Amino acid sequence: MASRLLFSSLRQVQKLQKACIHGRSRIGNREVVGFGFNGQYSYQDRIDFPMPAIRFKESTPDIVALREKEKGDWRKLTLEEKKALYRASFCMTFTEMNAPTGEWKSIIGIACVLISIGIWVFILERLFVYKELPTSFSEESKKAQLKRMIDLRVNPIEGISSKFDYEKGEWK
Amino acid sequence: MLRTLVCRIHSVVRSVAIQNIGRTTSVVPTRLMSQHSTETDEEFDRRYEAYFNRQDIDGWEIRKAMNDLAGMDLVPEPKIISAALRACRRVSDFALAVRFLEAVQSKCGGRVKEIYPYILQEIRPTLDELGVSTPEEMGYHKPELALKNVYEI
């Protein structure tokens with residue numbers, strides 16, 4: 001009994017999955033016209049796969065009537081009808097796909113705002129958070145440090161003492 | 001319940017295994033090596049022209065070939081394009097014809113100013129005969145409609 005229940009419910013799930021895999025349950029009465037990218041009934045404007053699996057618009061009576069007219073001579077179609085046929089099958093033209101979105105402006109703007117917030121945080125920390133620098137950072141202390149390094153002949157081969165002439169007592 | 005499940009799985013696995021044994025013995029051994037296509041450009045053009053020229057071609061096959069062509073590193077020859085347009089005419093799909101012309105234009109890439117006028121000039125008789133408008137004639141060389149932002153719908 002339990003197993004029969006299990007298998008009948010599994011069969012239901014399987015049926016549902018089959019409908020979902022291809023997306024038949026979600027496309028309304030749109031016409032399926034091809035394989036598309038991966039066999040699913042989905043619409044996407046892609047340059048590398050220009051022909052999706054389904055038409056973009058559902059088959060309304062207007063479009064069905066237009067399709068009947070399409071079976072005749074195409075030279076008798078007006079420009080509006082041609083455009084309507086195109087837009088019934090496809091959402092965007094190639095130029096619309098390639099059109100710039102202007103998104104770079106907001107990206108640059110937001111980036112500048114965030115950077116300026118960081119700079120302000122740094123300035124305020126310097127003003128209100130950190131203590132004064134130690135006295136060894138003063139001009140006199142730094143000069144004294146340099147003098148002492150020369151007296152101790154620090155790094156005499158390539159470094160600071162090699163650039164000091166000890167006989168004349170000045171920089172080379 | 002577990003027993004029924006196991007029995008079912010066993011029978012499925014056994015039937016598949018038996019099928020596969022039968023199949024593997026009959027398969028001719030092939031080496032899984034890469035091989036380069038020896039098809040010349042002329043053969044390629046003829047193959048696609050013949051494909052589009054088939055009288056009973058349907059929309060699925062047309063779209064398949066067009067998607068394939070859009071994925072290749074080439075611009076289709078004008079004769080292939082003419083054959084494709086005629087195939088669109090046979091299945092009465094005007095939008096497909098215009099979309100294919102757009103795809104061809106997109107395939108011209110950076111040299112669209114050299115290649116695309118030549119293609120148009122070559123396929124002009126077919127265009128006039130079938131009444132297909134080029135994307136330029138339909139005003140699709142410039143963006144016509146803008147999509148609404150999906151986050152604002």
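Predicted, not measured: the structure shown is a model, and the values here were computed from it. Throughout, a chain's letter reflects where its sequence line sits, starting with A, and its residues are numbered from 1.
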Taking every non-hydrogen atom, the tightest pair across [X] and [Y]:
X	Y	answer
B/Val112	B/Pro117	O-CD, 3.4 Å
B/Leu74	B/Lys107	O-CE, 3.3 Å
A/Lys172	A/Asp165	CG-CB, 3.8 Å
B/Tyr116	B/Pro135	OH-CD, 3.8 Å
B/Pro76	B/Ile81	O-CD1, 3.7 Å
A/Ser162	A/Pro156	CB-O, 3.1 Å

message = I'd like to know whether CH2 of A/Trp104 has more than 12 heavy-atom contacts from other residues, nucleotides or ligands below 6.0 angstrom.
response = no

If you tally heavy-atom pairs under 4.5 Å against chain A, which of [options] wins?
options	answer
B/Val98, B/Val132, B/Leu130	B/Leu130
B/Ala146, B/Ser92, B/Ala97	B/Ser92
B/Glu129, B/Arg89, B/Glu137	B/Arg89

key: residues 55-65 of chain B: residues contacting chain A (heavy atom under 4.5 Å, by number)   = B/Gly59, B/Trp60, B/Arg63

Residues of residues 36-52 of chain B within contact distance of chain A, non-hydrogen under 4.5 Å = none

With a 4.5 angstrom heavy-atom cut-off, which part of [X] approaches chain B: side chain, backbone, both or neither?
X	result
A/Met97	side chain
A/Leu79	side chain
A/Arg55	side chain

query = Looking at B/Glu144 and A/Arg87, does any basic side-chain N land under 4.0 Å from a carboxylate oxygen?
reply =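 Answer for the salt bridge query: yes.
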
If you tally heavy-atom pairs under 4.5 Å against chain B, which of [options] wins?
options	answer
A/Gly36, A/Ser89, A/Pro50	A/Pro50
A/Lys76, A/Arg75, A/Lys71, A/Met51	A/Met51
A/Ala99, A/Pro52, A/Ala88, A/Gly72	A/Gly72

message = Once you measure the plane-to-plane angle for A/Phe56 and A/Tyr43, does it fall in the parallel (<30°), tilted (30-60°) or perpendicular (>60°) bin?
response = tilted

request  = May I ask you to decide if A/Asn29's main-chain N or O and A/Glu58's side chain share a donor-acceptor pair within less than 3.5 Å?
outcome  = yes

query = Does any donor atom in the side chain of A/Ser141 or A/Ser138 lie under 3.5 Å from an acceptor atom in the other side chain?
reply = yes

query = So, B/Tyr140 and B/Gln105: side-chain donor and acceptor under 3.5 Å apart, yes or no?
reply = no

inquiry  = Test salt bridge (Lys or Arg N to Asp or Glu O under 4.0 Å) on A/Glu70 and A/Arg67; report intermediate values, then the result.
reply    = CA-CA 5 Å; A/Glu70 192 187 16; A/Arg67 288 210 193 292; 3.8 Å; yes

request  = Please test B/Glu102 against A/Tyr86 for side-chain contact (heavy atoms from CB on, under 4.5 Å), starting from the C-alpha separation and ending with a verdict.
outcome  = CA-CA 12 Å; B/Glu102 280 187 294; A/Tyr86 185 92; 2.4 Å; yes

